[in-house]
Amino acid sequence: MTVTGMLSAIERIGRDPKSGGYYRPVMSTAELDLRTWFIGEAEARGLDVDTDRNGIIWAWWGAPRAGSVVTGSHLDSVPGGGAFDGPLGVAAALAAVDVLREREVQPARSLAIAVFPEEEGSRFGLACLGSRLLTGKITADHARALTDREGDTLADVFARGGIDPRRIGRDDEALGRIGRFIELHIEQGRGLIDLNEPIAIASSVLGHGRWRVRVTGQGNHAGTTLMRDRSDPVVAAAAMVGAVSALTREVDDARATVGRFEPFPGGTNVIASAVDFWLDARHLDDATTRALVARIAAACEEIAAAHGCAVTVSEESWSPTVDFDAGVARELGAALPSAPLLGTGAGHDAGILSEFVPSGMLFTRNPSGISHSPEEHAEDADANHSAVALADALQGMLR
Ligand code: GLV
Ligand code: MN
Ligand code: MN
């Protein structure tokens, strides 16, 4: 089946009919339905499917063994995300197996398609959770204690999804089987539009981190509390968000975002007692990101004091800048000679894995240049061509 045929088969799963955006948090009904869909597609191709103790699904063509070539992506999404971020790489991997078989390729190495859980970190706050667990970049205890917006722990949510939380954690056996990891992904910016090319080879991933900012003040009555008597954390936090944008604009090519802002308890006629908001900050130079976040934290302290509030800034995740393996990039370049090299500002499991195994990525053109939004797009021809490009790349590696 074509990539577009597979994406059509899952287009209703987790889609908000009003906005057209997808919400497929890890272990939600939508994400579990997508896992079932993937397992069905893999089994229909005669691949051997195994869900490991970290909830990563592996679909094997050939016996699981060291030196295998692994491709794949994720099926979870951000709130209000697009149809392609994750599923394109999974569908392209399945279709690439079809292409290789049509070409009667007899792989000398095993090939696996891997589906990683919670790549976006939209449920538990920590991006690339599956690959972090696999590689030990997060401890099992830390992961088990993470909570979602409802206050449910990862341990409970995984248990309900059929993954025994006592067994999660670094998995040297699974990691040791990956000889190379190649992730195909929708491009999440305008790079390929500007280059007028359908496919690029990734050069780097921008370093990025997430911080939780908690602002506390005095909860009170909206009608009886004079303006001069207030310690309103919403007003303080709003000024902090302004400072995030202003300070980040002063740093060349830095990016910072506040996309989640939660007053507590959240009533129209209630002066909030606390606000939580989350800061996402990125720059190619890790020290620059750190310095920017330190300046933002200092500004938050000043703003909190000026409003009679208190603030704490705590780091939830950190991913340094990744330069992908030059040897893998050369192999990809040999298979796809017209594909340009392109860096990305988005995070990926391939970025986490690259510290442990030779890894690389391919990007498919996104004509809207927009991502993490329903307007993310790939033309049918480009989506289907992705599978051929991925097959071209994998074929040489499977020799
Ligand atoms: C994931 O797409 C991220 O870059 O946060
Ligand atoms: Mn993604
Ligand atoms: Mn994403």
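Just so you know, ligand 1 is whichever comes first in the structure, and atom 1 is the first atom listed for that ligand. In what follows, every heavy atom counts, from backbone to side chain, and hydrogens, waters and symmetry copies are set aside. Count residues from 1 along the sequence.
- In this structure, Arg365 and Asn196 have side chains that are in contact, with non-hydrogen atoms separated by less than 4.5 Å.
- Residues Arg123 and Glu31 are not paired through a salt bridge, judged by the lack of any N-O separation under 4.0 Å between the basic side chain and the carboxylate.
- Ion pairing between Asp171 and Arg177 fails under the 4.0 Å rule for side-chain N and carboxylate O.
- The pair Arg212-Glu262 fails the salt-bridge criterion, with no side-chain N (NZ, NE, NH1 or NH2) lying under 4.0 Å from an Asp/Glu carboxylate O.
- Gly121 and Arg210 get closest at one heavy-atom pair: O-NH1, 3.5 Å.
- The Mn ion (ligand 2) has His74 NE2, Asp85 OD1, His185 NE2 as protein N, O or S atoms under 2.8 Å away.
- Of the charged side-chain nitrogens involved, at least one lies within less than 4.0 Å of a carboxylate oxygen, so that Asp152 and Arg160 count as a salt-bridged pair.
- Ligand 1 lies under 4.0 Å from heavy atoms of Glu120, Gln188, Arg210, Arg282, Ala346, Gly347, His372.
- Using a 4.0 Å cut-off between charged side-chain N and carboxylate O, Arg45 and Asp98 make a salt bridge.
- Side-chain contact between Leu75 and Arg24 is absent, with no heavy atoms from C-beta onward closer than 4.5 Å.
- We find that Asp141 and Arg144 are joined by a salt bridge, their nearest charged nitrogen and carboxylate oxygen being less than 4.0 Å apart.
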